Structure formats: C-alpha cells, structure tokens
Protein chains: 2
Amino acid sequence: MRARIEDVAAAAGVSMKTVSRVFNREPNVREETRLRVEEAARQLNYRPNTSARSLAGRRSYLVSLLYDNPSPSYIMEVIEGVLAACEQSHYGLTLRPVDFGQRGHVESVETLISQYRPDGLILTPPLTDDAALVRRLRELNVRYATISAKRDGGGIGATLDERAAAADMMAHVVALGHRRIGHIAGAWRLAGYLDGLRQAGIEPDPDLVVEGEFSFESGIAGARQLLDMADPPTAIFAANDDTACGVLYEAAARGLRVPEQLSVFGFDDTPISRQVWPSLTTVRQPSREMGRIAAQQLIAAIDGHGPAHMVRVPYQLQIRHSTGPAPRR
Amino acid sequence: MRARIEDVAAAAGVSMKTVSRVFNREPNVREETRLRVEEAARQLNYRPNTSARSLAGRRSYLVSLLYDNPSPSYIMEVIEGVLAACEQSHYGLTLRPVDFGQRGHVESVETLISQYRPDGLILTPPLTDDAALVRRLRELNVRYATISAKRDGGGIGATLDERAAAADMMAHVVALGHRRIGHIAGAWRLAGYLDGLRQAGIEPDPDLVVEGEFSFESGIAGARQLLDMADPPTAIFAANDDTACGVLYEAAARGLRVPEQLSVFGFDDTPISRQVWPSLTTVRQPSREMGRIAAQQLIAAIDGHGPAHMVRVPYQLQIRHSTGPAPRR
DNA sequence: TTGTAAGCGTTATCAT
DNA sequence: ATGATAACGCTTACAA
C-alpha cells in the first residue's frame with residue numbers, strides 16, 4: 001500500500017507533525033531533521049494525500065483558470081504555464097470556461113467557487129476586465145490573479161505593455177514608408193496605434209479606424225470597409241492574429257498581393273501567424289510565461305510566502321512576410 | 001458556515017448514512033425518506049465536501065485527460081466535451097500534457113497517477129496508440145477511455161471511421177478528374193487513401209506517398225518532395241489540416257494557384273481550415289462530442305452504472321475552396 | 001525545536 | 001430499510 005505520513009515519521013524517527021512541517025516548508029525544523037525526513041520520504045516514495053490535506057487544512061490546494069474563448073492556442077499556452085507553476089507548488093488546476101457576454105456568467109463562477117472551493121482564481125482576457133465579475137470576487141473575498149488586464153488596479157498577475165508594443169509595430173511600418181495605415185480595433189490596442197501615428201507626425205484619420213471584435217470574420221468585414229474607401233490604406237493593423245488572417249483572406253479574394261500592394265500585421269503571434277501565406281508580422285507575447293507567472297504570484301499570495309506583484313513581461317516584434325515597403329502611388 | 005451531512009441528517013430526521021445513501025444513489029432507501037432528505041439538502045443548500053468524500057471513499061472523483069500536442073484547437077474542443085460530461089456526473093478534470101516521443105513519458109503518467117489518483121484516464125491521439133503506455137496502464141489496472149484510437153482493442157471511448165472518411169475524400173477528388181494524387185501520410189489515414197484509389201481503379205504509385213508527422217513543417221517538406229517530381233500530382237491529400245497548410249504555403253511560395261493548378265485537402269476541420277486562403281477542403285470530426293462521449297463512457301465504467309462501449313461517431317466532408325477540377329495536361 | 005491529541009466531513013463495516 | 005461507530009490521512013491547536 002501507499003506510504004502515509006505516519007510511515008515516514010516512523011522511518012525518520014520523528015513525529016507526524018515534524019514530517020508535516022517539512023513538507024509544508026514551515027519554520028522550526030532543524031536542518032539535520034529536515035534532511036532525515038526528506039530521505040525517508042524519498043525511500044518510501046511518499047506523496048501527501050491531497051484529499052486528507054484539503055480536509056484537515058480546510059483548503060483545496062486548487063487553482064481555477066477562468067477563460068472566455070479568445071483563441072484556443074492562446075489558452076493552451078497559458079494552461080501550460082499555469083500547469084507548470086501548479087505542479088511545482090503541489091497545487092491542482094481546474095478549468096472554467098465562462099461565457100462573458102452571457103447572462104448569469106457571474107453566477108456560474110459562484111457555482112464553481114462553492115463546488116470546488118479553489119484557493120484562488122486566474123483570469124484571462126476579456127474576463128480580466130469584467131467589472132461585474134471582479135466586483136463579486138472582491139465581495140466574496142476570493143483571491144485572484146490576472147493575465148493581461150487592461151487596468152491592473154493594484155492586483156497581482158502578469159501584464160505586458162500592449163500600448164508600447166502597438167506603437168513599436170507602427171514605427172516599423174512607418175519606417176517602411178506607409179502613411180495611410182488602417183486599424184481594425186478591438187478597443188485597447190488602439191491607444192498604441194494612435195501613439196505610433198503621433199510619434200511619426202501623421203494626422204490620425206478617424207475613417208481609418210474600424211471596429212472589430214478579435215475574430216476572423218471581423219477581419220474580413222474590416223478589410224472590406226477599409227479597402228473600399230476612396231483613398232484606401234496601404235497597411236492594416238489588425239488587433240490580433242485571427243483578425244489579421246481575415247484581412248489576408250479578403251486581400252487574397254480581391255487578388256491583392258501582400259505585402260507588395262498591402263501590408264498587414266497582427267498581434268499575439270499565435271501559431272497561425274506562421275502557417276499562413278505570407279507569414280504574419282505580429283507581436284509575440286510570452287503567453288506560457290505569463291500563465292506561469294500569474295499562477296506563481298497567486299500561489300505566493302495564497303501561501304503567504306513573500307509578497308505578490310503584478311509582473312510586467314517583455315514583448316517582441318516578429319517581422320515576417322506580410323509587411324513590406326509601401327507601394328508607390 | 002457551510003452545511004454538512006450531519007446537518008442534513010438532523011434536518012431530515014435520519015442518520016448520516018441515510019443521507020449518504022441518497023446522494024450516492026445507493027439502493028435500500030424508501031422513496032419517502034429519499035424525498036425528505038433531498039428536501040432538507042435543498043433547504044440547507046448542501047454540497048458534499050469532495051475532499052472528505054475522496055478520503056473516506058478512497059477514490060478521487062477525478063478524471064485525467066492525457067494529451068500530447070496535436071493542435072491546440074483540437075484539444076480545447078475535446079476539453080470542452082469532457083468538462084461537460086464531468087460536470088454532469090460531479091467529477092473533476094485534471095490535465096496532463098505528455099511528451100509522446102520523450103524518454104520517461106510513461107513514468108510521467110505514473111507520477112500523475114500516484115499523485116492525483118484519478119479514477120480514470122482519457123487518452124487522445126497519438127497516446128491512444130502508445131503501446132508502452134497502454135501496457136503499463138493495464139498492468140497498473142488503471143481504467144481508461146480512448147478518443148480516435150487506431151485499434152479499439154475492445155476498449156471504451158469514441159472513434160470515427162477515419163479510413164472510410166479518407167476514402168470518401170478521395171472519391172471527391174477523383175470525381176473532379178484527378179488521377180495522380182499525392183499523400184503526405186502520418187501513417188493511418190493511408191489505408192483510406194489506398195482504398196480510394198482502388199475504388200477508382202487507379203494503380204497506386206509508391207512515389208506519391210511521402211512520410212509526414214502531422215505538422216506544418218512536414219507539409220512544406222512533403223509538398224516540396226511531391227512537386228519536384230518529374231510527373232507531379234495534381235492533388236495532395238495531407239494527413240491533417242496543419243500539414244495541408246504547409247502544402248498551401250509551399251504552393252504559394254512557388255506561385256502555384258490553388259485549386260486551379262493544384263488541389264489540396266486535409267483532415268480534422270480545425271479552425272485554421274477556414275482561416276486560410278483558399279479555405280481548406282477537409283473532414284470534420286465532432287471533437288467536442290467525442291470528448292463528451294469518452295468521458296461519459298469512462299465515468300459509466302467507473303461508477304458501474306450500466307455497460308460502457310466504444311462509440312462510433314459520424315464524420316462529415318467539408319468541401320471548401322482548396323479542391324477543384326484537375327488541370328488539363 | 002519537536003510532539004500529542006483532537007478534529008476535518010465523509011464512507012465502510014457491521015449491527016439492528 | 002436504517003443506524004452507530006470506526007476509519008480515511010492529514011493539519012491545527014496546544015503542550016512540552
């Protein structure tokens with residue numbers, strides 16, 4: 001049968017409590033004792049029983065990841081990172097898909113909480129900026145970390161300076177000679193777009209900004225609107241890669257060559273950006289890393305081991321084949 | 001504080017054990033008693049404590065999903081289905097990424113088992129056909145269900161007749177006039193490719209079949225090999241959508257128009273198949289549904305509620321824009 | 001620094 | 001058909 005804490009205690013010649021202290025990294029254990037316990041545990045291949053730990057400790061050792069449905073590859077990357085951090089700290093992970101737009105989505109999260117009693121939550125966009133949800137979590141006194149929140153109200157988690165990234169991207173195409181640059185927005189990367197224009201001394205044209213919603217379809221719709229203009233843009237900045245793919249699709253349908261006749265760039269560096277022709281110029285965010293950091297910060301906050309922060313991670317421009325010199329007019 | 005089984009028992013005027021019987025659908029409870037207990041539980045908003053249940057019952061009420069890394073969107077769909085089934089049966093879900101090729105991947109699964117003690121596992125391709133892993137699971141007497149296993153050795157889970165699907169796809173392009181059809185294989189969809197040729201009375205040419213590994217890169221490599229032939233194919237059947245995208249990429253790089261000069265088709269109907277130009281002809285498999293079914297069958301086997309099976313689900317050809325009439329020679 | 005004893009909320013066992 | 005009581009393996013509170 002499986003070794004219990006009692007067995008380890010006996011083998012190490014100490015009490016159960018001491019073994020417990022070692023495994024929970026509590027203070028007040030002599031170094032020598034600790035080593036003896038660790039050796040005994042290894043010998044017996046001891047693994048703490050999670051259920052017993054939860055029951056006695058009145059906590060679940062569970063972290064819950066809430067996501068709406070941005071891109072599957074994005075979420076899978078985040079999951080990888082979160083899983084890595086959880087593993088290391090002996091926490092489990094529960095997944096919770098949430099329908100952001102839906103009525104009752106906050107209640108669905110409350111159900112999750114009362115059923116699984118997670119020790120903390122991790123929010124991904126767009127849930128990070130769901131005011132109703134966040135307010136309720138505060139009321140319920142449930143800990144949470146955020147990934148890429150628009151506003152980090154002094155919370156914990158991981159962010160990236162999307163505005164600066166967007167502005168850098170703009171500088172890239174401006175350097176290629178583009179002056180009329182369209183934007184299919186999903187709201188917040190817009191600020192960087194405007195910064196980029198301003199820094200280049202280009203007057204923003206409101207007609208060049210159309211609403212999007214981070215989907216392939218809105219990329220097609222946005223591209224149509226922009227390309228049908230009397231004076232169409234020579235470059236289009238899509239708010240994410242899926243949208244950029246929609247632009248690419250519409251361009252191909254019109255027989256427009258990219259990047260010779262139209263430059264296109266996205267955001268996120270999802271795998272699809274490498275798997276389309278031409279491959280997509282985009283901004284890479286270290287999603288896996290951000291998942292890992294958010295989970296680490298959350299667990300640190302739960303365990304009270306050291307202070308938890310909002311960590312800013314670096315971005316990276318990925319210049320590929322969908323951007324090129326502006327065409328002569 | 002949260003209601004316990006004891007509170008419900010008191011409120012219903014019965015013993016704890018009777019409440020336990022009701023919640024676990026055990027026999028030997030009078031209908032009237034059952035109703036009284038259920039009413040009391042509702043009044044008190046009682047939810048069984050999972051940790052206590054696991055500890056006392058010596059089972060985890062946990063199902064674990066093992067995946068390597070086919071496409072993220074595929075796994076996300078499967079997860080959705082599995083989650084839905086788990087929710088319904090009050091089981092939790094644990095995720096376990098496994099490096100199929102890696103040394104020690106079986107040990108990593110054993111670690112998962114000894115740590116989380118899941119009541120059952122769900123295997124996705126290519127782990128479904130990992131002989132070493134499956135053998136070990138049998139030895140350890142660990143229950144598992146499979147999704148899209150090549151060989152269903154009398155196991156439980158969900159499958160789809162990939163061979164027939166591949167053959168149907170072949171019939172489609174043969175009807176379009178193609179005779180030289182290449183295949184970038186990842187092993188098992190090959191049988192359907194050969195069936196399709198045979199049914200059309202076309203002699204298979206071994207040179208037209210190249211090895212792939214279900215990746216974008218192998219699509220590029222395979223396409224190069226096939227298109228560099230003296231007598232190149234007019235159509236290429238890629239073993240999955242990612243590979244097909246690689247073919248599309250290479251075709252674009254060579255200035256080959258699809259489908260006018262080359263037809264391409266894939267397998268899986270991942271979102272990318274709609275987001276490339278031209279959109280991809282492919283086979284749709286109901287991944288979400290398969291996840292749900294596999295989890296249901298697994299849980300049925302665990303709980304012993306009725307017999308569990310290997311369920312065959314229907315596929316569907318998605319004819320899009322990447323296949324067209326064969327070019328004149 | 002280390003140990004003892006009393007739970008944690010449920011299910012299993014054995015009665016009735 | 002129902003109930004009393006002892007586990008289950010760990011942590012907490014308190015003691016030494």
Side-chain angles (χ1 to χ4, degrees), chain A residues 1-38 40-41 44-62 90-92 114-117 119 302-304, chain B residues 1-38 40-41 44-62 90-92 114-117 119 302-304:
Chain A
M1 203 40 205
R2 193 174 176 182
R4 295 158 307 164
I5 198 172
E6 198 181 336
D7 305 323
V8 177
V14 298
S15 73
M16 282 166 51
K17 180 63 210 177
T18 299
V19 178
S20 172
R21 285 202 180 90
V22 170
F23 268 79
N24 293 296
R25 293 177 195 153
E26 282 174 38
N28 296 333
V29 179
R30 239 191 326 188
E31 186 57 21
E32 181 214 315
T33 313
R34 167 189 310 285
L35 292 175
R36 204 142 36 88
V37 168
E38 283 171 346
L44 296 168
N45 190 28
Y46 169 69
R47 307 235 172 276
N49 178 314
T50 317
S51 306
R53 249 160 60 104
S54 306
L55 184 56
R58 288 133 182 247
R59 34 191 298 216
S60 61
Y61 294 94
L62 219 53
H90 300 287
Y91 269 73
S114 76
Q115 264 183 21
Y116 291 90
R117 305 262 147 183
D119 293 333
I302 294 169
D303 288 350
Chain B
M1 200 41 202
R2 193 175 176 182
R4 295 158 307 163
I5 199 171
E6 198 181 337
D7 305 323
V8 178
V14 297
S15 74
M16 282 163 54
K17 181 64 205 177
T18 298
V19 177
S20 173
R21 287 200 179 90
V22 170
F23 267 78
N24 291 296
R25 292 179 197 152
E26 282 173 39
N28 295 332
V29 179
R30 243 193 322 194
E31 186 58 21
E32 183 213 313
T33 314
R34 167 189 312 283
L35 292 175
R36 203 141 38 87
V37 169
E38 283 171 346
L44 295 168
N45 190 30
Y46 169 69
R47 304 234 174 277
N49 178 314
T50 318
S51 306
R53 243 158 69 100
S54 305
L55 183 58
R58 291 136 181 236
R59 34 191 297 216
S60 60
Y61 294 93
L62 221 53
H90 299 289
Y91 270 73
S114 75
Q115 264 184 20
Y116 291 91
R117 303 264 145 180
D119 294 333
I302 295 168
D303 288 350

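Lettering follows sequence order; numbering is per chain, from 1. The model shown is predicted, which means the values in this text are computed figures rather than measured ones.
Residue contacts for A/Thr33: at a heavy-atom cut-off of 4.0 Å it reaches the sugar-phosphate backbone alone, with no base atom in range. Backbone-only contact: B/Pro48 has heavy atoms under 4.0 Å from sugar-phosphate atoms and none from a base. If you check every strand for non-hydrogen atoms under 4.0 Å, B/Asn49 touches sugar and phosphate atoms only.
Within 3.5 Å, a donor on the side chain of B/Lys17 pairs with an acceptor on the base of C/dA12, or the reverse. Residue-to-nucleotide contacts include a donor-acceptor pair under 3.5 Å from the side chain of A/Arg21 to the base of C/dT2.
Geometrically, A/Arg25 does not engage A/Phe23 in a cation-pi contact, judged by NZ or CZ lying under 6.0 Å from the ring centre and within 45° of the ring axis. At least one test fails for A/Arg4 against the ring of A/Tyr46: distance under 6.0 Å to the centre or angle within 45° of the axis.
Distances shorter than 4.0 Å separate none of the side-chain N or O atoms of A/Ser20 from OP1 or OP2 on D/dC10. Distances shorter than 4.0 Å separate some side-chain N or O of B/Thr18 from OP1 or OP2 on D/dG3. Look at A/Asn28 and you won't find any side-chain N or O under 4.0 angstrom from OP1 or OP2 of C/dT2. A/Arg30 has no side-chain polar atom (N or O) that falls below the 4.0 Å cut-off from OP1 or OP2 of C/dT1. A sub-4.0 Å separation between OP1 or OP2 of D/dC10 and a side-chain N or O of A/Tyr61 is absent.
Distance A/Ile5 CD1 to D/dT12 P: 11 Å, rounded to the nearest Å. Between the CD atom of B/Glu26 and the P atom of C/dT11 there is a distance of 8 Å, rounded to whole Å. The CZ atom of A/Arg53 sits 18 Å away from the C1' atom of C/dG9 (whole-angstrom rounding). Remark: P of C/dG7 and CG of B/Leu55 are 17 Å apart, rounded to the nearest angstrom. A straight line from CE of B/Met16 to P of C/dC8 spans 11 Å, rounded to a whole angstrom. Between the C1' atom of C/dG3 and the CD atom of A/Glu6 lies a distance of 14 Å, rounded to the nearest Å.
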Query raised in the report: B/Tyr91 and B/Asp119: side-chain contact (heavy atoms from CB on, under 4.5 Å), yes or no, with the steps?
Result: CA-CA 9 Å; B/Tyr91 270 73; B/Asp119 294 333; 3.8 Å; yes
Open item on the list: side-chain contact (heavy atoms from CB on, under 4.5 Å), that's the test. Do B/Val8 and B/Glu38 meet it? Break it down for me.
Closed with: CA-CA 9 Å; B/Val8 178; B/Glu38 283 171 346; over 6 Å; no
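Nearest to the side chain of B/Arg4, among C/dG9, C/dT11, C/dC8, sits C/dG9. Ranking C/dT11, D/dC8, D/dG9 by closeness to the B/Arg58 side chain, first place goes to D/dC8. With distances taken from any side-chain atom of B/Ala56 to the nucleotides D/dA7, D/dT11, D/dT2, the minimum falls on D/dA7.
The number of heavy atoms from other shown groups lying within 6.0 Å of CD (A/Glu26) is above 12.
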